[in-house]
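Let me begin by presenting the structure, written as structure tokens, before commenting on it.
Side chains included, hydrogens not; waters and symmetry mates left out as well; all remaining heavy atoms used.
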Amino acid sequence: PSLDNERSTCRRGLATCGCLKDNISAQNAPSLLSMASRTFRKHRQEPHYIQKRKPKLTDSYTEDTWMKLRDAVSAIQNSTSIKYNLEELYQAVENLCSYKVSPVLYKQLRQVCEDHVQAQIHQFREYPSSSLDSLSFLKRMNRCWQDHCSQTIMIRSIFLFLDRTYILQNSLLPSIWDTGLELFRTHIVSDGAVQSRTVEGILEQIERERNGETVDRSLLRSLLGMLSDLQVYKDSFEQRFLTETNRLYAAEGQRLMQERDVPEYLHHVARRLEEENDRVISYLDQSTQKPLITTVEKQLLGEHMNAILQKGLWMLLDENRVCELMLLYELLNKVKGGLTALLQAWRDYIKSFGGEIVSSPEKDKEMVQELLDFKDKMDHVTQRCFQRNDTFINAMKEAFESFINKRPNKPAELIAKYVDSKLRAGNKEATEEELERILDKIMIIFRFIHGKDVFEAFYKKDLAKRLLVGKSASVDAEKSMLSKLKHECGAAFTSKLEGMFKDMELSKDIMIQFKQWSNDAENSALITEIDYILLHIHMENSYFKLQLYFTIFTGKKELQVSLFQTLVLLMFNESDECSVEEIRAATGIEDGELKRTLQSLACGKARVLNKMPRGKDVEDADRFHFNSDFRHKLFRIKINQIQMKETVEEQVSTTERVFQDRQYQIDAAVVRIMKMRKTLSHNLLVSELYNQLKFPVKPADLKKRIESLIDRDYMERDKENPNQYHYVA
């Protein structure tokens with residue numbers, strides 16, 4: 001056989017088999033497959049040794065063949081049995097196409113299909129709208145559409161040779177399947193009344209589902225697929241659907257914002273968005289998803305964004321509603337400008353809540369702890385709820401820095417005292433690891449403070465007390481804190497503090513050497529003179545410890561006491577009972593120090609004196625007598641001295657010292673700038689000073705320092721322009 005005939009045979013066999021791919025009628029598939037196989041084998045087996053002349057078709061054959069095909073099409077359209085064999089029908093179409101009858105055959109087939117489709121419209125027009133409910137109408141429409149699709153596929157299977165040859169070669173002609181869609185669209189769906197009622201019925205079913213009723217989703221999926229296949233989905237359905245959606249959720253948003261609180265409303269919005277996404281997956285076209293979700297988000301979130309934040313954000317943060325805050329962030333992230341509004345409301349909340357902590361003098365004792373707790377809470381919110389968004393983290397830092405400096409100097413002072421309370425001996429609240437974490441948290445708050453010199457002044461004073469009286473909880477913790485301060489503020493900030501530790505180590509070495517020297521027998525004769533010198537020196541400093549031996553208790557005890565405690569105890573060598581006035585007159589100790597000393601001896605853990613009447617506070621009328629019944633399991637007993645609380649005068653003195661240091665720093669900065677610039681205007685000078693100074697300062701204070709430098713001839717005003725300064729060399 002020739003190569004062309006072989007290729008033609010293969011194409012016909014494969015074309016016949018290809019019809020099965022699109023044929024949804026399972027009962028006809030075996031016969032069509034058998035027909036294609038036999039056709040393929042027949043053409044393969046027939047030899048073509050002799051080229052035959054192509055016979056001519058008679059007019060009666062063409063007419064009879066078309067009548068046979070028309071009867072088969074009518075049987076398919078009317079769902080009746082086909083009289084002829086499917087292979088015979090397929091072969092008839094191939095024969096007609098082989099003799100150039102394809103144009104006529106195509107027109108005749110199209111006309112038969114069009115007549116049938118036109119007849120179908122009457123079943124939708126013959127019933128008035130009142131006699132057929134919308135659901136029944138939709139079911140009838142869906143049945144008509146499904147029948148039309150299955151019929152078109154069956155017809156295409158018979159006329160597949162026509163579809164794959166003549167129609168495929170003429171690009172202007174639609175395929176048999178496309179012709180069927182075009183006819184259904186033109187004569188049924190494009191009918192105004194039918195289309196309107198179909199779309200209204202679909203919208204009614206969707207609204208019912210949104211109201212909680214159960215609907216037939218497969219019906220909606222089929223009908224919306226019909227509109228999409230017919231290319232009328234966007235024009236006939238989508239616009240009306242989005243309009244109805246916008247109307248529904250606009251009314252729902254207004255109503256629910258009045259009726260429900262914010263957490264409940266947020267969960268409702270999330271549920272609605274999930275439902276709409278599910279509708280897109282179930283039966284809506286994918287192209288509808290974006291405008292649909294945008295419409296829902298706009299009406300339920302965008303229109304009420306400010307109301308949600310004003311009504312609910314502060315409540316959610318106060319109650320630490322992590323889940324709702326996370327949901328709020330996720331929802332507002334979907335809306336244009338949502339995160340910006342949330343960021344501003346979040347910043348305002350931090351400033352307001354933190355401002356209340358800082359600006360209330362009655363809360364000074366708990367201020368630092370409340371700030372640490374508040375910072376931990378806000379960190380948790382940013383990490384869990386705001387997905388560690390850098391913008392929110394930076395906004396939180398700015399807000400903390402803003403409110404913590406609204407009350408100058410006091411937060412810095414209280415932070416220094418809080419550190420002192422944590423590093424002082426006797427603090428059993430935390431282990432070393434927990435103490436390290438607390439110090440790290442304190443350093444975070446410390447970074448927000450502008451007046452770090454105030455912190456330095458109070459921290460240095462408290463550190464000196466801890467070191468002198470041996471009240472430091474841990475040298476490692478002290479050095480760790482110094483290391484953190486050095487890393488944050490530089491070596492100059494901690495140089496004096498580090499010097500204190502060096503002095504303490506030097507003092508410790510000297511005392512060790514002195515004890516070794518005093519144990520030498522040759523030097524024992526000098527001890528009395530040295531003791532006198534030590535007593536003379538420490539009349540000004542009562543923190544020095546002396547060792548005294550008492551043998552009047554049961555057994556020998558060694559008491560480690562301070563100088564003032566020694567003076568008080570020595571009085572009871574001559575008398576068993578003394579009044580406060582007698583002790584004051586004999587020792588000459590200042591009233592406040594005397595009361596603290598008596599408290600340590602009579603009200604502490606080791607009570608070598610008894611106070612009458614009993615109580616924690618010492619009054620002028622109290623009397624003290626020696627406790628002859630004193631018992632203690634230890635031989636060496638250390639009686640701690642009561643720490644004197646910082647007085648108002650000391651606070652004022654420390655603050656004034658800081659202000660004085662600031663004046664020197666301002667003067668030095670002004671001179672440094674003017675020496676470099678020589679001539680500078682007032683505004684530029686002030687701007688340069690703000691860039692160089694590390695503490696907050698008011699413009700009025702800067703002006704005073706500039707005037708002071710002018711008076712001291714460091715600089716002078718320009719004679720023509722008073723706002724211009726010149727450096728005086």
Using 4.0 Å as the upper bound for N to carboxylate O, is an ion pair formed by Asp376 and Lys441? yes

Check this for me, if you would: do Glu252 and Arg272 make a salt bridge, where the nitrogen-to-carboxylate-oxygen distance has to be below 4.0 angstrom? yes

Do Glu207 and Arg210 meet the salt-bridge criterion of a basic N to acidic O distance under 4.0 Å? no

Asn95 vs Tyr61 side-chain heavy atoms within contact, under 4.5 Å: yes

Residue from Leu273, Ile293, Thr294 passing side-chain contact (heavy atoms from CB on, under 4.5 Å) with Lys334: Leu273

Strictly by modelled atom types, are Gln344 and Asp348 linked by a side-chain donor-acceptor pair under 3.5 Å? yes

Is the ring pair Tyr233/Phe237 parallel, tilted or perpendicular, if the boundaries are 30 and 60 degrees? tilted

Is there a side-chain contact between Glu114 and Thr186 (heavy atoms, below 4.5 Å)? no

Assess whether a salt bridge exists between Asp379 and Lys375, defined as any Lys/Arg side-chain N lying under 4.0 Å from an Asp/Glu carboxylate O. yes

Evaluate the side-chain proximity of Leu135 to Glu204: yes if any heavy-atom separation is below 4.5 Å, no if none is. no

May I ask you to decide whether Glu259 forms a salt bridge with Arg255, counting only side-chain N to carboxylate O separations under 4.0 Å? yes

Are the side chain of Thr382 and the backbone N or O of Met378 linked by a donor-acceptor pair below 3.5 Å? yes

Ignoring hydrogens and geometry, is there a side-chain-to-backbone donor-acceptor pair from Asn78 to Thr80 under 3.5 Å? no

Set of ring pair (Phe, Tyr, Trp, His ring centres under 6.0 Å) partners for Phe386, sequence neighbours left out: Tyr329, Trp346, Phe392

Would you please indicate if the ring centroids of Tyr106 and Phe159 are separated by under 6.0 Å? no

Does a side-chain heavy-atom distance below 4.5 Å link Phe353 with Leu317? no

When you check the gap from the basic side-chain N to the acidic O, do Arg279 and Glu274 get nearer than 4.0 Å? no

